[in-house]
There are 2 protein chains.
Amino acid sequence: MAAKAELAQAGAKRMAFQREHEYVSPRGLFDNVEPKGSRRFLTAAVSAFHGRGYHATTTRDIATLAGSSPAGIYTYYATKADLLYEIALIGHQYILDETEAALLVTDDPIGRIAEIVRRSVTYHAEEHVLTRVVNRDFQALDVQRLATIMKMRRRISTIVRDEVRRGVELGIFEVDHLEGTTIAVLRLMDVASWYNERGPMSPDELAEVYVGLILRMLGAPAAASDQAGDGKTAVNG
Amino acid sequence: MAAKAELAQAGAKRMAFQREHEYVSPRGLFDNVEPKGSRRFLTAAVSAFHGRGYHATTTRDIATLAGSSPAGIYTYYATKADLLYEIALIGHQYILDETEAALLVTDDPIGRIAEIVRRSVTYHAEEHVLTRVVNRDFQALDVQRLATIMKMRRRISTIVRDEVRRGVELGIFEVDHLEGTTIAVLRLMDVASWYNERGPMSPDELAEVYVGLILRMLGAPAAASDQAGDGKTAVNG
DNA sequence: AGACTCGGCAAGCAAGCGCTTAGTAGATCA
DNA sequence: TGATCTACTAAGCGCTTGCTTGCCGAGTCT
């Protein structure tokens, strides 16, 4: 029947469009999300939000990228905002874990800041599609969910601020204004908004440049960025 | 008549709402916009975009803030995007003029960078409502208008990059990676996204902190930020 | 006074939005 | 083989959106 052929064609068109605009998390951040069937909607939403922003993205955009009908989303998510929230949680939880893990590498403030910056920059560069969405669109969340995300962001800020302060107290850093400097460090670590994966710098190279810039900004001794370790050799070697 | 009373009431409600959410440009950036009648729609749009973002703002939001009916906008602007474009042009033209003017103050790369940073930070802090809109929502523009804005942004980047390079060539700065460092400087100067006018720092104080941070990041001599002048005393005094 | 201009209004249109509903193909069980 | 469940679809509802239309009162000119 003509009707059936039309339907098959619509399905094929959806799948073609889907493959063209696929987002696959370089670090596999969505590989363990349950239920399994929801993953394609999450990654489709990341891709759609990345291109147009949350508010300009329609549920039909997301459904098309996920290769489903407009109603398919609602099998797993009650609202468009639920999708954004789960994405924001995953992205924020990951960088929070990374930041906390960086503290375990060493006690030295220089080594810790270097490790925090290194992990954050490589993450924001490799996952620039995800982190651009997370760091730009989280502000579209409703007040309660926004508060949860803000709490996670504040934990990261606190870790950085504490480490900078400790470095100052130990006479390793020299900082005029703690709060302004902390925010500067945090802003520099988020390279997602401008990082270009087809540009000349790999995430690792970029990270080393930014470790150097930030340590210098903190007034660390000139040779500090060499002493800070490269995250591959032993710290106390 | 009851109908007439209702209309008067609707008008009064509009005006009350308008005054509550007013945006007035601290630097008077909209004072010379023509035609005169369009100004209230521009500032209303800045206020509305600031609160919700471009895509989440409705033309009715803007009209209400401007104290007009939904149709009032279209006396001056054909589309919602036209409003955003004029706002983006005004904001970008101002900081571009400021950046170019900073070059006239001195020939010294340290003095020039200091002056650029000082002007940019005070502008982004004082006009944080406008600059937050301009720097966040300009990406919602259509391709052609976006290209015009991007060209202005690139001119600012070029000025900063050239000055950093010149400082390196003169042996005043010491920079590992020119492009990464230039972007870092540009990112740090935009304090709009986090500046809080009820916080402890005035725009001028914040600017001096950031002049210091950035000059240190560029590897300028330790005493550079003192030598850089404070923008009030004579440069060669 | 009468004609004209202009800023603004009430009303409303077409399109697109988020989301709902009723129903079904296909896998899994007995 | 038939019952049951799950993931999904076609269709569409109610509402909001950006924008248009036809109109009008106040000010300005002749």
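This structure is a prediction, so every number in the text was calculated from the model and none was measured.
Whole-Å rounding puts the A:Y74 OH to C:dT20 C1' distance at 9 Å. Straight-line distance from the NE2 atom of B:H55 to the C1' atom of D:dG18: 13 Å, rounded to whole Å. In this entry the distance linking CZ of B:R52 with C1' of D:dT16 reads 13 Å, nearest Å. In this structure, the CD1 atom of B:I73 is 16 Å from the P atom of C:dG7, given to the nearest Å. A:Y77 places its OH atom 17 Å from the C1' atom of C:dG18, with the value rounded to the nearest Å. Atom CD1 in B:I62 sits about 15 Å away from atom C1' in D:dT16, given to the nearest Å. Taking atom NZ of residue B:K80 and atom P of nucleotide D:dT16, one finds them 16 Å apart after rounding to whole Å.
When heavy atoms are screened at a 4.0 angstrom cut-off, B:T58 is found touching the sugar-phosphate backbone but no base atom. Among the atoms of the strands shown, none is found under 4.0 Å from any heavy atom of A:S38.
Which of C:dG7, C:dT20, D:dC19 sits closest to the side chain of B:T79 comes down to D:dC19. Checking C:dG8, D:dT9, C:dC9 against the side-chain heavy atoms of A:S69 singles out D:dT9 as nearest. In the set D:dC19, C:dC9, C:dC19, D:dC19 carries the atom at the smallest distance from any side-chain atom of B:P70.
With A:R39 contributing its side chain and A:V33 its backbone, the two residues share a donor-acceptor pair below 3.5 Å. Judged by distance alone, with hydrogens and angles left aside, the side-chain atoms of B:R40 form a donor-acceptor pair with the main-chain N or O of B:A66 at under 3.5 Å.
A salt bridge links A:R118 and A:E115; the closest N-O separation between the charged side-chain nitrogens and carboxylate oxygens is under 4.0 Å.
Ring pair B:Y123/B:Y94 is tilted by interplanar angle, where 30° to 60° counts as tilted.
In this model, no side-chain donor or acceptor of A:R60 finds a partner on the base of C:dG16 within 3.5 Å.
Note: B:F41 and B:Y77 fail the aromatic proximity criterion, with ring centroids not under 6.0 Å apart.
The phosphate of C:dG8 has OP1 or OP2 within less than 4.0 Å of a side-chain N or O from B:Y76. Between A:T59 and the phosphate of C:dG18, there is a side-chain N or O to OP1/OP2 separation shorter than 4.0 Å.
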